[in-house]
There are 2 protein chains.
Amino acid sequence: MKDLLKLENQICFPLYAFSRELTNLYRPFLEEMDLTYPQYLVMLILWVEKQQTVNQLGEKLYLDSGTLTPLLKRMELKGMLMRKRSQTDERMVIISLTDAGEKMKEKASCIPGKLVETLGLSIDELIQLKKIVNKAMKR
Amino acid sequence: MKDLLKLENQICFPLYAFSRELTNLYRPFLEEMDLTYPQYLVMLILWVEKQQTVNQLGEKLYLDSGTLTPLLKRMELKGMLMRKRSQTDERMVIISLTDAGEKMKEKASCIPGKLVETLGLSIDELIQLKKIVNKAMKR
DNA sequence: CAAATATATATTGCACACAATACAATTGTG
DNA sequence: CACAATTGTATTGTGTGCAATATATATTTG
């Protein structure tokens, strides 16, 4: 029986290391747009949705307000998006893109392709990977 | 042609979210031992290797000294390990477990099993997952 | 052997993550 | 309608990650 308490026998560690490696792979492309990877994920949502509350962003990204609030404030400072309290329910903050934020979409369009290229995995492997991870996330 | 700039079409985002979810799944088990997930990874190495320099730990975990130094100091404060400069080369810091640190191994032995159970993936899927991730990491 | 170079760790600064808590606005209930 | 419970965001504190820089020690080279 092999020792499960060995780094090389771990399944979660490769995923953890790979996840960090992924944000490192995105970094050079995102730096050109002054975005971090989590900020890029926010932009992905806003390029489609136009209006999102902090809570809606958090549900989609699995992040809470303790992470999102300062992140969104930094993006607001950079002029990419606006934060405005809802008129109808003042507990909510509505996030929406500025024109500058909208314009970034075009520049970002090449990023997914570049990343897949860098990863060097086949389409089949990517589909497999996504399928398995999605199953585990659905617990 | 589907829009690659949509969150639901991303392959990296599920991996990123899943990686965070994994450390959340470990948290309840590790809290009993006063460990975080990265600290647990350090312990996995030291339970096998006995002596490791900061650099050796960093190579195995893909982490740099800016991350490891404070992390190891916190673990030293908790009495799990010792940090001592090498006599032969004073640039190096040798990390080794205390008796208390050694003893934690027994309590940790059940963790890998519990995690796999929680994940709810088949052995085949786990092997697939590890194989694909390892391939991508080897670029 | 002295000076340049390389190596190993530490420090600093910034950006996440997340638990715990706080707080204001809203909703549900008697 | 008062008021307790809920909801949505913000704040605080701790712990990573990582780039850039600093510092001390070794090693290489002329």
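Residue numbering restarts at 1 for every chain, and letters A, B, ... go by the order of the sequence lines.
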N/O (side chain, R85(A)) to phosphate O (OP1/OP2, dA25(C)) under 4.0 Å:
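Negative; the distance criterion is not met.
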
Compare side-chain N and O positions of K73(A) against OP1 and OP2 of dC16(C) and report whether any pair is under 4.0 Å apart.
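It does not, given that no N or O in the side chain of K73(A) lies less than 4.0 Å from OP1 or OP2 of dC16(C).
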
Measure [atom1]/[X] against [atom2]/[N] and give the value in whole Å, please.
| X | N | atom1 | atom2 | value |
| --- | --- | --- | --- | --- |
| L68(A) | dC16(C) | CG | C1' | 10 Å |
| L25(B) | dC18(C) | CG | C1' | 14 Å |
| Y40(A) | dC16(C) | OH | C1' | 18 Å |
| L22(B) | dC18(C) | CG | P | 12 Å |
| Q52(A) | dG8(D) | CD | P | 14 Å |
| E59(A) | dT7(D) | CD | P | 12 Å |
| K78(B) | dT14(D) | NZ | C1' | 11 Å |
| N55(A) | dA25(C) | CG | P | 18 Å |

In 5'-to-3' order, the base (B), backbone-only (S) or no-contact (-) status of each nucleotide in nucleotides 16-22 of chain D, using a 4.0 angstrom heavy-atom cut-off, is BBBB---

Please encode protein proximity along nucleotides 23-29 of chain D as a string of B, S and -, counting only heavy-atom distances under 4.0 Å.
--BS---

Testing the basics here: between L25(A) and T118(A), what is the closest heavy-atom pair and its distance to 0.1 Å?
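Between these two residues, the closest heavy atoms are CD2-CG2, 4.0 Å.
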
Would you say K50(B) has more than 12 foreign heavy atoms packed within less than 6.0 Å of its NZ?
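Correct, the count exceeds 12.
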
How about NZ on K135(B), more than 12 heavy atoms from neighbouring residues, nucleotides or ligands closer than 6.0 Å, or not?
yes

Classify the angle between the aromatic ring planes of Y37(A) and Y16(B) as parallel (below 30°), tilted (30 to 60°) or perpendicular (above 60°).
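Rings of Y37(A) and Y16(B): perpendicular, over 60°.
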
May I ask you to decide if the ring planes of F13(A) and Y62(B) are parallel, tilted or perpendicular, using 30° and 60° as cut-offs?
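Parallel: the ring planes of F13(A) and Y62(B) meet at under 30°.
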
Can you name the salt bridge (charged side-chain N to carboxylate O under 4.0 Å, His left out) partners of R91(B), sequence neighbours left out?
D89(B)

Is there side-chain contact between M43(B) and M33(B), with at least one heavy-atom pair below 4.5 Å?
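In short, these two side chains do not touch, never coming nearer than 4.5 Å.
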
Validation row: L97(A), M104(A) side chains within 4.5 angstrom (heavy atoms):
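SC-SC contact between L97(A) and M104(A) ruled out.
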
Are the side chain of D64(A) and the backbone of T67(A) linked by a donor-acceptor contact shorter than 3.5 Å?
yes

